[in-house]
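The chains referred to below are lettered A, B, ... by the order of the sequence lines, with proteins before strands, and numbering in each begins at 1. Keep in mind the model is a prediction, meaning the values are calculated, not measured.
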Protein chains: 2
Amino acid sequence: MSEQLQNVFQQYDIKFTTARASILEVLKVANSPLNYEQIKEHMSVKMDKATFYRNIAKFEELGMVHKFESDDRKWYFELSSTTHAHFICEQCHKITCMEVDLGKVEGEVTSIVLKGTCKECHS
Amino acid sequence: MSEQLQNVFQQYDIKFTTARASILEVLKVANSPLNYEQIKEHMSVKMDKATFYRNIAKFEELGMVHKFESDDRKWYFELSSTTHAHFICEQCHKITCMEVDLGKVEGEVTSIVLKGTCKECHS
DNA sequence: CCAAATTATGCAACTAAGTCGCAAAGGAAA
DNA sequence: TTTCCTTTGCGACTTAGTTGCATAATTTGG
Ligand SMILES: [Mn+2]
Ligand SMILES: [Mn+2]
Ligand SMILES: [Zn+2]
Ligand SMILES: [Zn+2]
């Protein structure tokens, strides 16, 4: 399994397991944030949800993964990149990644979630 | 009980009940968004949580109340006003209302939630 | 290469915010 | 007051995510 990932785990000083590799592989291929069920569907290996959530928590604390909540009360995950916003349409529930400029905000912003109606659903 | 509120209920064409009046009174006095438990604490009358959530849902669909989720997986409620952002500090969990300028965003934005570290907690 | 130490995993039980069905109570209108 | 319709309380339920614990896998270093 991916020589690349072996190194990633070494860098972050965590053990290499197929569960972890599998999660990261799915997230690497994904072109939008995914929730647990969606990631599970795309995974080659099966793993318990406890394992999934514990590993995702670890990835998050290491800064490898970013998460936010959509309007279905589920966590959505994506590989960390530059801070950007997520627009969630409350009608079609589609999630769109987008850049926004907040201007100056005191403190440090790590997550931006916008909700509303997307342009497709907007009458 | 408040003559004012009687009129509000008439305007929105919903029945006047002490439960509803009580919820709105708490929200009117509040100076930041509150969750169910917090609203309950500030309420003079007691009511079942089912009643609370059904009424809040009605208020929301009538556009009287706005809600969003904080990082504790609870809904926070406030009386509707102009669309503004809420900053949630993931360390002290304080919620701050603030104006932000998103620039141009396609579609209609009704909720803006920022998470991160507030200036007090920022080392 | 192997044994010990450490960390991860699966399972099942649990948590808790919010929802739902239903029978009883309350409000509006006449 | 009577009738009709809406709201309420209660308890059971839902479900995403969490936790404890025994077992299994990975790392290390001798
Ligand atoms: Mn994104
Ligand atoms: Mn606000
Ligand atoms: Zn949409
Ligand atoms: Zn803070």
> Ring centres of B/Y76 and B/Y36 under 6.0 Å apart?
Replying inline: no

> Salt bridge check: are A/E60 and A/K67 linked by an N-O gap of less than 4.0 Å?
Replying inline: yes

> What is the distance, rounded to the nearest whole Å, between atom CD of A/E60 and atom C1' of D/dG17?
Replying inline: 13 Å

>> Under 4.0 Å, heavy atoms only, any strand: does A/K74 hit a base, just the sugar-phosphate, or nothing?
In response: sugar-phosphate

>> Go nucleotide by nucleotide along DNA chain D from the 5' end; which of B/R73 and B/K58 gets its closest nucleotide reached first?
In response: B/K58

>> Checking contacts here: which listed nucleotide (C/dG18, D/dT7, C/dT9) is nearest the side-chain heavy atoms of A/N55?
In response: C/dT9

> Atom CG of B/D48 and atom P of C/dA23: how far apart are they, to the nearest Å?
Replying inline: 17 Å

> What is the distance, rounded to the nearest whole Å, between atom CG of A/D13 and atom P of D/dT26?
Replying inline: 17 Å

> The side chain of A/K15 lies closest to which of these nucleotides: D/dT27, C/dG10, C/dG18?
Replying inline: D/dT27

> Of the candidate nucleotides D/dG11, C/dT9, D/dG17, which contains the atom at the shortest distance from the side chain of B/A50?
Replying inline: D/dG11

> Which sits closer to the 5' end of DNA chain C, A/M47 or B/E37, going by the nucleotide each is nearest to?
Replying inline: A/M47

> Can you check the B/Y12 OH to C/dG27 P distance for me, whole Å?
Replying inline: 22 Å

>> Tell me if the side-chain of B/R54 makes a donor-acceptor pair with the base of D/dG9, cut-off 3.5 Å, by modelled atom types.
In response: yes

> Between B/K74 and B/E37, is the closest basic N to carboxylate O distance under 4.0 Å?
Replying inline: no

> The side chain of B/T17 lies closest to which of these nucleotides: D/dT27, D/dT7, C/dA28?
Replying inline: D/dT7

> Between A/S80 and A/V65, is there a donor-acceptor pair closer than 3.5 Å when you use the side chain of the first and the backbone of the second?
Replying inline: yes

> Which whole-number value in Å describes the distance from B/Y36 OH to C/dT19 P?
Replying inline: 12 Å

> Taking atom C1' of C/dT9 as reference, at what distance in whole Å does atom CZ of A/R20 sit?
Replying inline: 10 Å

>> Quick test of your reading of the model: are A/K119 and B/E108 salt-bridged, counting only N-O distances below 4.0 Å?
In response: no

>> Need to verify one output field. Residue with the more 5' nearest nucleotide on DNA chain C, A/K49 or A/A19?
In response: A/A19

> Is any side-chain N or O of B/Y53 closer than 4.0 Å to OP1 or OP2 of C/dG18?
Replying inline: yes

> Any chance the side chains of A/E25 and A/H42 put a donor and an acceptor closer than 3.5 Å?
Replying inline: no

>> Students often get this wrong, so: under 4.0 angstrom with heavy atoms, is A/N35 touching a base, only sugar-phosphate, or nothing?
In response: nothing

> CD of B/Q6 versus P of C/dG27: gap in Å, rounded?
Replying inline: 11 Å

>> In whole Å, I'd like the distance from the CZ atom of B/F16 to the C1' atom of D/dT8.
In response: 15 Å

>> Is there a side-chain contact between A/W75 and the phosphate of D/dA16, meaning an N or O under 4.0 Å from OP1 or OP2?
In response: no

> Base, sugar-phosphate, or nothing: which does A/K67 touch, judged by heavy atoms less than 4.0 Å apart?
Replying inline: nothing

